[in-house]
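In this chain, residues are counted from 1 in sequence order. Keep in mind that what you see is a predicted model, and the values were worked out from it rather than measured.
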Amino acid sequence: MISRIDLRGDALPEGPALRDLLPRADFDVQAALEKVRPICEDVHHRGDAALIDFAERFDGVRLESVRVPAQALADALAGLHADVRAALEESIRRARLVHRAQRRTAHTTQVVPGGSVTEKWVPVERVGLYAPGGRSVYPSSVIMNAVPAQEAGVESIALASPPQAEFGGLPHPTILAACALLGVDEVYAAGGATAVAMFAYGTESCPPANMVTGPGNIWVAAAKRYFTGRIGIDTEAGPTEIAVLADDTADPAHVAADLISQAEHDPLAAAVLVTDSLDLADAVEKELEPQVAATKHVDDRIRPALAGRQSAIVLVDGVEEGLKVVDAYGAEHLEIQTADAAAVADRVRNAGAIFIGPWAPVSLGDYAAGSNHVLPTGGCACHSSGLSVQSFLRGIHIVDYTKDALAEVAHHVVTLAEAEDLPAHGAAVKARFGWKVPESK
């Protein structure tokens, strides 16, 4: 059901050579880019009419309006099962605790007497959030996108999710209910690249946004790449992935269950176990078969995901080598199930989120840990972070110098300007002192 990669015996290669040995899904955003380009430009030129036509083409439903009526949000919340509502409310509460603590305040550095630099943090003005609606429904993604944007102080927040023929062209009612719980009342029935184009260009119904965030399929990722520079984005999210670094102290039933939990997302989802224990590898393989047989989405998602080139059991000589492998892999979700797991986790450099020990499965982070589950995929954890309050803030430096403070450093500014062959830069300083550079004190 799942392949093995044996890296025992020889010294592990460094950098790209090690990354090339590790499993990864095929996810060609560049190829998809050419297919989304005409879709995005049609939305640019025809606005809501294009969105309605694409909803009929891709989602099988003819919309009367792209904007979701306020009554539909209220009805969805009223119809939400009490247990689901309680779970969403607790997820929101915990996410607010974590993300509120991420807020930044302005800080002033006194560089010299009379000369200071203040860094203030300003939220983006308007954000478009995306909640997928394909194989599964993700009200949790509504929370993970909306809460950090709200805690950052974003004034205008809109959300798009694909229209569902089953629900009369509205997004899934649980998505709408989550929006209502969060106070997000500007919601659109738009999916995939069309939703990103709607936020990037704006239409008759939807003003343009400064930024678009949220996970999605390859078409969403391609549209984000297409609009990079016009709008800010969080990341080009690829298929979800879990890596588990485990030794012989790990429970094979737990490890198998956690690999399956990510495999059920998508046939391209990656499930990777890195271990120095052959006994654990064998036991996990034995656990996979009955656990897979007992769940849903077996043939269309889980088996293809576990059997795909993106998933494997990677055998290493020890935990030290395992750390090198998981750092090279840069997993979206990394579980550490080893002896002294906290100390091992502290040494990890590259991961979207780290889950320590047997009682912190990725599923907890997906819903109710308080952490954010919008995380870098495809190895991007080597250079990028997950979604946070900081994602929606811009740091702006405010420079405040008196005449005396400028005079003190003027000769350095002029010297550097002339060294770069930019004499007008120096002249802008000289003009303030009668075209004569003040002598340094």
Show your working on side chain to side chain donor-acceptor pair (under 3.5 Å) between H397 and T118 and close with a plain yes or no.
CA-CA 6 Å; H397 281 184; T118 298; over 6 Å; no
Derivation and outcome, salt bridge (charged side-chain N to carboxylate O under 4.0 Å, His left out), residues R347 and E320
CA-CA 10 Å; R347 297 177 60 199; E320 193 71 28; 2.6 Å; yes
Residues R100, E151; criterion salt bridge (charged side-chain N to carboxylate O under 4.0 Å, His left out); working and verdict
CA-CA 6 Å; R100 189 163 292 164; E151 294 301 325; 2.9 Å; yes
side-chain contact (heavy atoms from CB on, under 4.5 Å) between Y130 and V196: does it pass, once the steps are laid out?
CA-CA 8 Å; Y130 186 72; V196 180; 5.7 Å; no
Stepwise side chain to side chain donor-acceptor pair (under 3.5 Å) check, E264 with T295:
CA-CA 9 Å; E264 76 172 336; T295 191; 4.7 Å; no
Go through it in stages, so that I can follow the logic: the residues are I5 and L315, the test is side-chain contact (heavy atoms from CB on, under 4.5 Å), and I'd like the CA-CA distance, side-chain angles, deciding distance and then a yes or no.
CA-CA 6 Å; I5 299 173; L315 298 172; over 6 Å; no
Please lay out, stage by stage, how S391 and D234 fare under the test side chain to side chain donor-acceptor pair (under 3.5 Å).
CA-CA 7 Å; S391 304; D234 51 347; over 6 Å; no
How far apart are the C-alpha atoms of D26 and R309, what are their side-chain angles, what is the distance that settles it, and do they pass the salt bridge (charged side-chain N to carboxylate O under 4.0 Å, His left out) test?
CA-CA 9 Å; D26 287 325; R309 60 179 292 178; 3.3 Å; yes
When you look at R62 and D53, which way does the side-chain contact (heavy atoms from CB on, under 4.5 Å) test go after all the steps?
CA-CA 7 Å; R62 185 74 183 176; D53 287 346; 2.7 Å; yes
Begin with the C-alpha distance, continue with both residues' side-chain angles, and end with the deciding distance and a verdict on side chain to side chain donor-acceptor pair (under 3.5 Å) for N145 and T213.
CA-CA 7 Å; N145 279 270; T213 71; 2.7 Å; yes
Walk me through it: do R303 and E289 pass the test salt bridge (charged side-chain N to carboxylate O under 4.0 Å, His left out)?
CA-CA 10 Å; R303 286 191 186 279; E289 194 62 50; 2.8 Å; yes
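The two residues G330 and E241 make their nearest non-hydrogen contact at O-OE2, 3.7 Å. Contact record, P304 with V298: CD-O, 3.7 Å, taken as the closest heavy-atom pair. Annotation for A195 and A190: closest pair CB-O, 3.6 Å, computed over non-hydrogen atoms. Across I143 and A95, no two heavy atoms sit closer than the pair CG2-CB, 4.2 Å. Taking all atoms of both residues into account, the shortest heavy-atom contact from A197 to C40 is CB-CA, 3.8 Å. Residue P163 comes nearest to G169 through the heavy atom pair CB-O, 3.1 Å, listed as atom of the first residue, atom of the second, then distance.
With E287 contributing its side chain and A257 its backbone, the two residues share no donor-acceptor pair below 3.5 Å. Judged purely by atom type and a 3.5 angstrom limit, K224 uses its side chain to pair as donor or acceptor with the backbone of T235. When atom types are taken as modelled, the side chain of R230 and the backbone of A200 share a donor-acceptor pair closer than 3.5 angstrom. The backbone N or O of D258 lies less than 3.5 Å from a partner atom in the side chain of S261, making a donor-acceptor pair. Judged by distance alone, with hydrogens and angles left aside, the side-chain atoms of D75 form no donor-acceptor pair with the main-chain N or O of A78 at under 3.5 Å. Put simply, the side chain of D327 gets close to the backbone of R349: a donor and an acceptor are under 3.5 Å apart. In this structure a side-chain-to-backbone donor-acceptor pair under 3.5 Å is present from S388 to Q390. Here the side chain of N372 pairs no donor or acceptor atom with the backbone of G386 at under 3.5 angstrom. For R85 (side chain) and A178 (main-chain N/O), no donor-acceptor pair under 3.5 Å exists by modelled atom type. Under a 3.5 Å cut-off, the side chain of T338 and the backbone N or O of D247 do not form any donor-acceptor pair.
From E41, atom CD reaches atom CZ of R37 across 8.0 Å, with rounding to the nearest 0.5 Å. To the nearest 0.5 angstrom, H373 atom NE2 is 9.0 Å from E332 atom CD. The line from CG of L159 to CG of L176 is 9.0 Å long, rounded to the nearest 0.5 Å. Rounded to the nearest 0.5 Å, atoms OG (S371) and CG (L387) are 12.0 Å apart. One finds the CG atom of N210 at 9.5 Å from the CD1 atom of I231 (value rounded to the nearest 0.5 Å). A distance of 8.5 Å separates CG of D366 from CG of L375, quoted to the nearest 0.5 Å.
Side chains of L51 and V43 form a contact here, defined as non-hydrogen atoms less than 4.5 Å apart. Under the 4.5 Å side-chain criterion, counting only non-hydrogen atoms from C-beta, D317 is not in contact with D276. Between I157 and E186 there is no side-chain heavy-atom pair separated by less than 4.5 Å. V187 is not listed as a side-chain neighbour of S161, based on a closest heavy-atom distance of 4.5 Å or more. V61 has its side chain out of reach of Q164: every pair of non-hydrogen atoms, C-beta onward, lies at least 4.5 Å apart. S311 places none of its side-chain heavy atoms less than 4.5 Å from the side chain of P23. Side-chain atoms of V29 and L33, non-hydrogen and from C-beta on, never get closer than 4.5 Å to each other. For the pair V272/V274, a side-chain contact is recorded, criterion being any heavy-atom separation below 4.5 Å from C-beta on.
For Y367, the OH atom counts as loosely surrounded, since its 6.0 Å shell holds 12 or fewer non-hydrogen atoms of other residues, nucleotides or ligands. Under a cut-off of 6.0 angstrom, the local environment of CZ in R4 is crowded, with over 12 non-hydrogen atoms contributed by other residues, nucleotides or ligands. Heavy atoms of other residues, nucleotides or ligands lying less than 6.0 angstrom from CD of E204 number more than 12. Under a cut-off of 6.0 angstrom, the local environment of CD in E64 is sparse, with at most 12 non-hydrogen atoms contributed by other residues, nucleotides or ligands. In E90, the CD atom is crowded: over 12 heavy atoms of neighbouring residues, nucleotides or ligands sit closer than 6.0 Å. A 6.0 Å sphere centred on CD of E125 holds no more than 12 heavy atoms belonging to other residues, nucleotides or ligands. For Q110, the CD atom sits in a packed shell: over 12 heavy atoms of surrounding residues, nucleotides or ligands are nearer than 6.0 Å.
Judged by the 6.0 Å and 45° rule, R126 forms no cation-pi pair with F199.
Among pairs with a residue in residues 28-85, those fulfilling ring pair (Phe, Tyr, Trp, His ring centres under 6.0 Å) read H44-Y201, F54-F58, at least two apart in sequence or across chains.
Looking at D279 and S277, their side chains never bring a donor and an acceptor atom within 3.5 Å of each other. If you check the side chains of Q262 and T240, you find a donor sitting under 3.5 Å from an acceptor. For the 3.5 Å distance criterion, the side chains of D48 and S205 qualify, holding a donor opposite an acceptor.
Ring geometry for Y138 against H265 counts as parallel: the plane angle stays under 30°, on a 0 to 90° scale with 60° as the upper cut.
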